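This report refers to the structure that appears directly beneath it.
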Amino acid sequence: MVRVLSRHLIKLNLSNLSRHYHSNHLQLQQQHNLSLPGSLSLFEYQRQQLQLLEAQLIYVLDRCNNLAQLKQTHAQLLRKYLDQSSFVLTKFIRVSTKLNVSIGLYPRLVFDQVRYPNPFLWTALIRGYSILGPFDESVVVYNCMRRGGIRPMSFTFSALFKACSGLFNVGLGRQLHAQVVWIGGYHDDLYVSNTLIDMYVKCGFLECGRRVFDEMGERDAISWTSLIVAYTKSRDMEAAAELFDGLPDKDMVAWTAMVTGYAQNAKPKEALKLFESMQDAGVNTDEVTLVGVMSACAQLGAGKYARWIRDVAEKAGLSPARNVVVGSALIDMYSKCGSLEEAYRVFQMMEVRNVYSYSAMIVGFAMHGRVNEAMSLFYEMGQTDIKPNKVTFIGVLTACSHTGIVQQGRQIFSNMDKDYGVAPSADHYACMVDLLGRAGHLEEAYELVKTMSVEPHGGVWGALLGACRIYKNPEMAEVAAKHLFELDPNDIGNYVLLSNIYALAGKWDDVSRIRKLIRTRGLKKNPGCSLVEAKDGVIHEFFAGDMTHPKSKEIKEALEELLQTLRLEGYKPILSSVVHNLSDEEKERLLKTHSEKLALVFGLLTTSPGSVITIVKNLRICEDCHIVICGASKVTGREIVVRDNMRFHHFHDGVCSCGDFW
DNA sequence: CTAGGGTTAG
């Protein structure tokens with residue numbers, strides 16, 4: 001028997017892939033229980049032979065890695081022997097889907113040759129369209145299937161719901177939801193219900209998803225997680241947490257969803273705390289979990305945590321050398337925590353890099369004002385076959401703008417479409433307006449906005465408004481602000497910026513007009529807040545004017561002492577950094593309550609002399625604080641790193657890496 | 001089969 005089959009296989013002139021199969025066919029025979037008894041009928045023999053061939057084809061198909069191999073397999077084997085085997089063709093379409101082979105072309109041609117497709121084959125096609133698109137084709141195929149009198153399977157509905165999410169068409173989803181019951185009778189099917197929840201929440205109908213969830217007789221972790229994610233995406237962390245607490249068997253995905261949810265909702269402390277509980281609960285960690293945690297850590301800029309997370313990753317066998325995702329996330333985390341050197345070390349040790357790794361590194365260099373490194377990395381990237389994308393260009397352009405390299409920025413901006421096929425988006429225009437405006441080319445920046453190829457968004461006008469602040473141009477500021485108040489009426493930052501511009505120009509009437517506007521629109525100013533790490537890695541938070549920290553008294557005294565030293569060196573408070581119409585004494589008093597000053601002094605008081613003090617601030621650093629920290633780095637000999645909402649400032653011996661251009 | 005994810009921004 002073995003010999004008969006072997007001869008048969010050789011006769012088929014099999015490809016390399018199937019020769020590999022050949023060596024395994026003995027094992028396969030055992031799996032399929034193909035030992036041949038003496039008195040086997042011819043029919044039975046043929047049936048078994050067919051079964052073996054099917055198994056062989058599945059084996060070959062499973063090992064196809066591209067369209068060419070798929071076509072070869074089809075040409076050699078399918079057409080000759082098994083074009084009518086729905087079993088094999090279903091596999092064929094599934095493999096095509098997995099390999100991203102456009103369903104509309106080759107797989108569809110194969111499908112259309114089949115005279116009597118079975119429900120599995122129909123479903124595979126629908127599923128293919130629902131994953132690769134065009135999504136509406138799923139529905140077209142489904143209708144054909146119904147007209148052919150084929151009863152849909154539960155998988156069929158799942159695929160269709162996926163297509164509905166892709167189409168963002170809840171109406172269609174509802175129609176199909178009704179059919180689940182009266183055509184399929186699948187209303188108790190866990191799998192169908194889970195995809196149904198997902199469809200509703202992806203279409204933005206969270207409450208409908210919730211209703212399905214509430215009415216389910218049986219739920220699994222997937223049902224819970226779908227809903228948890230929906231709540232985190234709609235920024236309702238309370239609801240998400242409530243669900244999460246009620247989930248009896250929390251698996252890694254559920255934990256990750258929650259951790260990532262906190263990170264994405266600007267609650268990094270909660271994210272890190274939850275990750276710690278996740279570790280305590282003995283749940284595994286994979287790269288997806290790490291991406292969320294690292295993003296949280298990057299937001300906080302917490303150095304101690306960063307090192308701990310790195311350890312966790314290494315212990316989980318996720319090393320940046322081997323894993324691109326982990327590597328790229330690490331680069332981002334380290335550079336946002338202030339250690340650009342560590343970030344670059346990670347970048348260098350990565351064996352595989354992709355556009356994320358390069359972009360993260362370029363953006364890292366840009367944030368730290370290292371324009372030369374950013375540029376040379378960008379050109380180095382050009383030597384690889386990794387294509388830059390829109391984010392890469394944002395990195396390159398912000399690098400230019402942080403150092404005022406106008407000419408090079410202009411050139412890259414005007415050639416990015418032609419040379420790299422990345423058409424400038426509104427974000428890129430914003431970078432460009434920032435670059436031009438910051439360098440003092442206000443008119444050119446305004447011209448650029450007026451001639452944009454895409455609609456300007458808040459970022460573009462905001463960049464112009466920022467430039468108007470630096471170059472004290474209240475007239476142009478009003479134009480920019482008018483657009484901003486229409487585009488982002490609830491963004492408090494724009495109102496504050498405009499009122500600051502008026503204040504700088506001494507237009508106090510306009511200042512109070514804007515203040516009133518803020519009040520009538522019910523907006524709240526977000527207070528300045530600075531984070532600094534104590535010796536033990538604990539992060540301390542300081543708000544502007546807040547004296548509730550236990551060490552407040554000491555901080556106040558030490559700050560007074562520091563300022564006195566600086567005054568001897570010629571420091572004078574920059575009173576214009578205070579944008580309230582107050583007496584000079586009041587202004588000076590207010591300056592001393594800025595959160596970054598409190599954080600600085602706390603750092604000086606509590607950390608060991610050789611270490612770097614890293615401060616993370618939520619708003620832009622003010623000029624007075626910049627000068628004070630500069631001076632502090634000189635008189636104390638300490639290295640001080642400040643991250644504000646724009647970029648990094650490295651203070652060393654009385655000099656800042658930004659060159660006072662920020 | 002169905003659930004979690006990456007770099008950016010004024």
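Everything numeric in this text was worked out from a predicted model, so none of it was measured. Within every chain, numbering begins at 1; the chains are lettered A, B, ... in the order of the sequence lines, protein sequences first and strands thereafter.
A donor and an acceptor atom, one from each side chain of A:Q264 and A:S295, are nowhere located under 3.5 Å apart. Looking at A:T392 and A:N389, their side chains do bring a donor and an acceptor atom within 3.5 Å of each other. Side-chain contact annotation: A:H457 with A:D488, donor-acceptor N/O pair under 3.5 Å absent.
Between the CG atom of A:D427 and the C1' atom of B:dG10 there is a distance of 10 Å, rounded to whole Å. Regarding A:Y429, its OH atom lies at a distance of 16 Å from the C1' atom of B:dA9, rounded to whole Å. One atom, CG of A:L436, and another, P of B:dG10, lie 15 Å apart when rounded to the nearest Å. Computed from coordinates, the A:Y446 OH to B:dG10 P distance equals 21 Å when rounded to whole Å. Rounded to whole Å, atom C1' of B:dC1 lies 14 Å from atom NZ of A:K98. A:M294 places its CE atom 16 Å from the C1' atom of B:dG4, with the value rounded to the nearest Å. Put simply, NZ on A:K390 is 13 Å from P on B:dT8, counting in whole angstrom units. With rounding to whole Å, A:M216 atom CE is found 12 Å from B:dA3 atom C1'.
For A:N354, the listed nucleotide lying nearest its side chain is B:dG6; candidates were B:dG6, B:dT2, B:dT7. The side chain of A:D491 has B:dG10 as its nearest neighbour among B:dG4, B:dG10, B:dC1. For A:V253, counting side-chain heavy atoms from C-beta on, the closest listed nucleotide (B:dG4, B:dT2, B:dT8) is B:dG4. Distance from the side chain of A:T398 is smallest to B:dA9 among B:dA9, B:dA3, B:dG4. The side chain of A:S328 approaches B:dG6 more closely than any other nucleotide in the set B:dT7, B:dG6, B:dG10. When each of B:dG4, B:dT2, B:dG10 is scored by its nearest atom to the side-chain atoms of A:A257, the top-ranked nucleotide is B:dG4. Ranking B:dT7, B:dG10, B:dA3 by closeness to the A:S359 side chain, first place goes to B:dT7.
Aromatic rings from A:Y429 and A:F413 are positioned such that their centres are separated by under 6.0 Å. Proximity of the aromatic rings of A:Y344 and A:F365 is defined here by a centroid distance below 6.0 angstrom, and this criterion is met.
A:K233 has a side-chain polar atom (N or O) that falls below the 4.0 Å cut-off from OP1 or OP2 of B:dG5. At the phosphate of B:dG4, neither OP1 nor OP2 sits under 4.0 Å from any side-chain N or O atom of A:Q264. For A:K336 and B:dT8, the shortest distance from a side-chain N or O to OP1 or OP2 is below 4.0 Å.
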**OP:** Show your reasoning for whether ring-ring contact (aromatic ring centres under 6.0 Å, His included) applies to A:F485 and A:Y495.
**Re:** CA-CA 8 Å; A:F485 294 162; A:Y495 296 86; 4.2 Å; yes
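Backbone-only engagement by A:T260 is indicated by non-hydrogen atom pairs under 4.0 Å involving sugar-phosphate atoms exclusively. If you check every strand for non-hydrogen atoms under 4.0 Å, A:V229 touches sugar and phosphate atoms only. Within the nucleic acid shown, A:D332 comes within 4.0 Å of sugar-phosphate atoms alone, with no base atom in reach, counting heavy atoms only. Residue-level contact check: A:D488 touches the bases, meaning some heavy atom is under 4.0 Å from a base atom. Among the protein residues, A:V324 comes within range of the nucleic acid bases, having at least one heavy atom under 4.0 Å from a base atom. Note on A:G292: nothing from the nucleic acid sits closer than 4.0 angstrom, heavy atoms only. Across all strands, A:V363 comes closer than 4.0 Å only to sugar-phosphate atoms, never to a base (heavy-atom distances). A:T289 comes within 4.0 angstrom of a nucleotide base, judged by non-hydrogen atoms across all strands. Residue-level contact check: A:I197 touches neither bases nor backbone, having no heavy atom under 4.0 Å from any strand.
At a cut-off of 3.5 angstrom, the base of B:dG4 holds at least one donor-acceptor pair with the side chain of A:D286. Contact of A:E287 with B:dG6 (side chain to base): no donor-acceptor pair of N or O atoms is detected under 3.5 Å. If you check distances only, the side chain of A:T225 does reach the base of B:dA3 with a donor-acceptor pair under 3.5 Å. At a cut-off of 3.5 angstrom, counting only N and O atoms as typed in the model, there is no donor on one side facing an acceptor on the other between the side-chain of A:T195 and the base of B:dT2.
The local environment of CZ in A:R647 is crowded, with over 12 non-hydrogen atoms from other residues, nucleotides or ligands closer than 6.0 Å.
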